[in-house]
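Written out below as structure tokens is the structure these notes cover.
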There are 2 protein chains.
Amino acid sequence: MKRMQSTADARAGHLARCSLLTGLADEELRALAGVARLREYGDGESLFVRGGEAEGFYVVVSGKAKVCRFGTDGREQVLHVFGPGEPCGEVPVFQGGKYPATAMAVGALRALYLPRHGFLEVGKKRPELLLNMLAVLSVRLRHFVQLVDDLALKEVSARLAKHLLDLSARARGARMVELDTTKTMLASRLGTIAATLSRTLAKMQRLGAIRTKGKRVWITDRDGLQALAAGMKLDGK
Amino acid sequence: MKRMQSTADARAGHLARCSLLTGLADEELRALAGVARLREYGDGESLFVRGGEAEGFYVVVSGKAKVCRFGTDGREQVLHVFGPGEPCGEVPVFQGGKYPATAMAVGALRALYLPRHGFLEVGKKRPELLLNMLAVLSVRLRHFVQLVDDLALKEVSARLAKHLLDLSARARGARMVELDTTKTMLASRLGTIAATLSRTLAKMQRLGAIRTKGKRVWITDRDGLQALAAGMKLDGK
DNA sequence: ACGGCGCCTTGACTTAGGTCAAGGCCGCGC
DNA sequence: GCGCGGCCTTGACCTAAGTCAAGGCGCCGT
């Protein structure tokens with residue numbers, strides 16, 4: 001990790017682009033920017049590790065960060081992937097204690113580090129900031145409810161189908177989507193491993209629901225995918 | 001569900017016992033109590049259902065509430081069990097929209113319903129309240145990280161062992177613990193089903209780690225349980 | 001005391017999905 | 001161009017855990 005030179009103005013600019021901080025006056029933004037620190041990470045470097053003492057949280061400026069846990073056998077479960085503008089590692093800010101999971105850079109990453117104290121100071125003066133943060137945590141909770149639901153009650157094919165539809169929706173319904181990460185990592189996001197993911201993609205292709213070429217996936221039967229996402233088995237119920 | 005007669009004073013009393021609201025002045029407590037409504041539920045009745053529009057959240061007064069999701073096949077995954085003093089269903093308050101899961105009474109239950117608007121009013125005046133809520137959500141998030149970790153990376157025996165140790169720890173390290181729910185429900189809390197839970201308990205007993213009789217479990221080999229919780233297999237690695 | 005109903009236990013069977021290992025593909029540096 | 005390393009794919013195999021179904025055990029009410 002590299003501590004970067006950066007002006008307070010540049011930092012305030014980054015913060016202004018972050019939905020967490022909408023509604024703040026320039027003055028407060030400047031105050032936060034004053035205590036924030038810009039940091040740079042290379043691929044695979046960790047921002048923080050599970051169990052580490054937390055004195056603040058991060059806001060991604062550019063690149064991507066994944067947050068994950070590891071099993072005793074080394075298997076990995078990705079909990080989140082955060083992009084620019086998203087905060088990360090905020091849990092211990094409000095509850096004290098340690099980071100519950102590990103965060104790592106996926107490719108090159110720049111992030112602002114916000115010390116807890118500075119944030120809470122501003123928060124006490126401006127409840128809007130706290131409400132924004134509550135909204136962020138609420139989204140996070142929804143996300144986890146979904147994840148738990150998927151892991152406990154759905155099979156891999158359903159999770160994958162949903163993920164593909166999701167990617168497509170985010171690309172305004174495009175018929176072709178591009179996997180945004182390596183397949184190995186996508187697998188651990190979906191709570192499985194690369195081999196299984198590969199087989200599932202192959203089966204979907206045999207079924208005629210998709211066509212794949214490298215990281216590209218063409219959705220050839222949207223309804224079929226939707227049925228899979230809803231729980232239909234790959235061999236037709 | 002029954003709408004109960006209750007005095008504002010009684011409601012304020014219930015609220016005062018709730019850690020979410022510590023640090024509030026009498027005046028604000030009274031304000032919240034003024035808009036709160038006491039409700040009663042019988043076993044299995046739902047406080048809210050997944051997808052329902054949310055206009056507020058609940059605080060358990062007495063009894064227990066479980067929050068869960070259901071798979072297409074009817075299988076159930078319990079996300080939380082809340083007891084007296086704990087808030088429940090707060091996610092949509094800060095982010096709008098619908099309840100992400102369903103909440104049901106486990107046995108007889110009394111709960112206070114707090115309309116979102118009243119809560120936010122007080123929150124804007126008293127940021128402490130929002131900070132308390134942030135702490136609550138943070139605990140919730142930690143809990144989910146743990147749950148996801150367990151479901152994705154641990155086996156049933158590890159989850160069960162951990163749960164037993166947890167019960168024991170909560171009873172100040174007691175050697176004998178009493179399962180606080182039906183085994184069927186414990187199973188779905190642990191992300192499995194009654195049959196598997198039963199078999200796993202039997203195996204642990206054969207191993208000599210525990211002894212069971214009905215809802216009671218004696219921990220006869222704490223280290224063994226700890227090893228299981230840490231990932232050791234039931235047949236000794 | 002007895003019948004009935006929930007819940008729990010157990011057995012036999014099935015299956016999703018993980019493990020291991022052997023290639024194949026592709027991009028990159030030399 | 002060639003070789004090397006990462007990733008992906010595929011096959012053969014194994015195992016944890018779910019399904020289905022048949023009792024057993026308690027507990028509760030009449």
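Given the structure is predicted, the values throughout are model-derived calculations rather than measurements.
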Could A/Lys215 and A/Glu178 be called an ion pair, given the rule that one side-chain N must be under 4.0 Å from one carboxylate O?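 A/Glu178 and A/Lys215: not salt-bridged.
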Which listed nucleotide ([options]) is nearest to the side chain of [X]?
| X | options | answer |
| --- | --- | --- |
| B/Asp73 | C/dA16, C/dT9, D/dT19 | D/dT19 |
| B/Ile193 | D/dG18, C/dG17, C/dG18 | D/dG18 |
| A/Ala195 | D/dG18, C/dT19, C/dT9 | C/dT19 |
| A/Val156 | C/dG17, D/dG18, D/dT9 | C/dG17 |

Grab the [atom1]-[atom2] distance between [X] and [N] for me, whole Å please.
| X | N | atom1 | atom2 | value |
| --- | --- | --- | --- | --- |
| B/Leu228 | D/dA16 | CG | C1' | 15 Å |
| B/Lys154 | D/dA17 | NZ | P | 13 Å |
| B/Leu186 | C/dG6 | CG | P | 21 Å |
| B/Lys233 | C/dG18 | NZ | C1' | 10 Å |
| B/Leu151 | D/dA17 | CG | P | 11 Å |
| A/Leu234 | C/dT15 | CG | P | 15 Å |
| B/Glu155 | C/dT19 | CD | P | 11 Å |
| A/Leu190 | C/dG18 | CG | C1' | 15 Å |

What residues form a side chain to side chain contact (heavy atoms under 4.5 Å, CB included) with A/Val106, not counting sequence neighbours?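 Once residues adjacent in sequence are excluded, the partners of A/Val106 under the side chain to side chain contact (heavy atoms under 4.5 Å, CB included) criterion are A/Lys64, A/Lys66, A/Met185.
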Using the test salt bridge (Lys or Arg N to Asp or Glu O under 4.0 Å), find all partners of B/Arg17 that sit at least two apart in sequence or belong to another chain.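 Listed in chain order: nothing, the list is empty.
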Sequence-distant partners of B/Asp221, salt bridge (Lys or Arg N to Asp or Glu O under 4.0 Å), two or more places apart: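 By the salt bridge (Lys or Arg N to Asp or Glu O under 4.0 Å) rule, B/Asp221 matches no residue at all.
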Can you tell me if [X] touches the phosphate of [N], counting only side-chain N or O atoms and a distance under 4.0 Å to OP1 or OP2?
| X | N | answer |
| --- | --- | --- |
| A/Thr182 | D/dG6 | no |
| A/Thr184 | D/dC8 | yes |
| A/Thr196 | C/dG18 | yes |
| B/Lys215 | C/dC7 | no |
| A/Lys183 | D/dT9 | yes |

Do you know which two heavy atoms are closest between B/Cys68 and B/Met104, and how far apart they sit?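 Answer, listing the atom of B/Cys68 first, then B/Met104: SG-SD, 4.5 Å.
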Sort and list the pairs that fulfil side-chain hydrogen bond (donor to acceptor under 3.5 Å, both in side chains) and have at least one residue in residues 159-170 of chain B, not counting sequence neighbours.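 Found B/Asp150-B/Lys162, B/Asp166-B/Arg170, B/Ser168-B/Arg222.
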Indicate yes or no for a side-chain donor-acceptor contact from A/Glu86 to the backbone of A/Gly83 under 3.5 Å, with no hydrogens or angles considered.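 Answer holds: yes.
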Show the atom names and distances, to 0.1 Å, of all donor-acceptor pairs under 3.5 Å that link a side chain in residues 197-214 of chain A to residues at least two apart or in another chain.
residue  : atom : partner  : partner atom : Å
A/Thr200 : OG1  : A/Thr196 : O            : 2.7
A/Gln205 : OE1  : A/Thr212 : OG1          : 2.9

How large an angle, rounded to 10°, do the end axes of the helix from C/dA1-D/dT30 to C/dC30-D/dG1 enclose when each is built from five base pairs?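 That helix gives 30° between its end axes.
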Between the base of C/dT19 and the side chain of A/Arg199, is one N or O donor paired with an acceptor at under 3.5 angstrom?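 Yes, a donor-acceptor pair under 3.5 Å.
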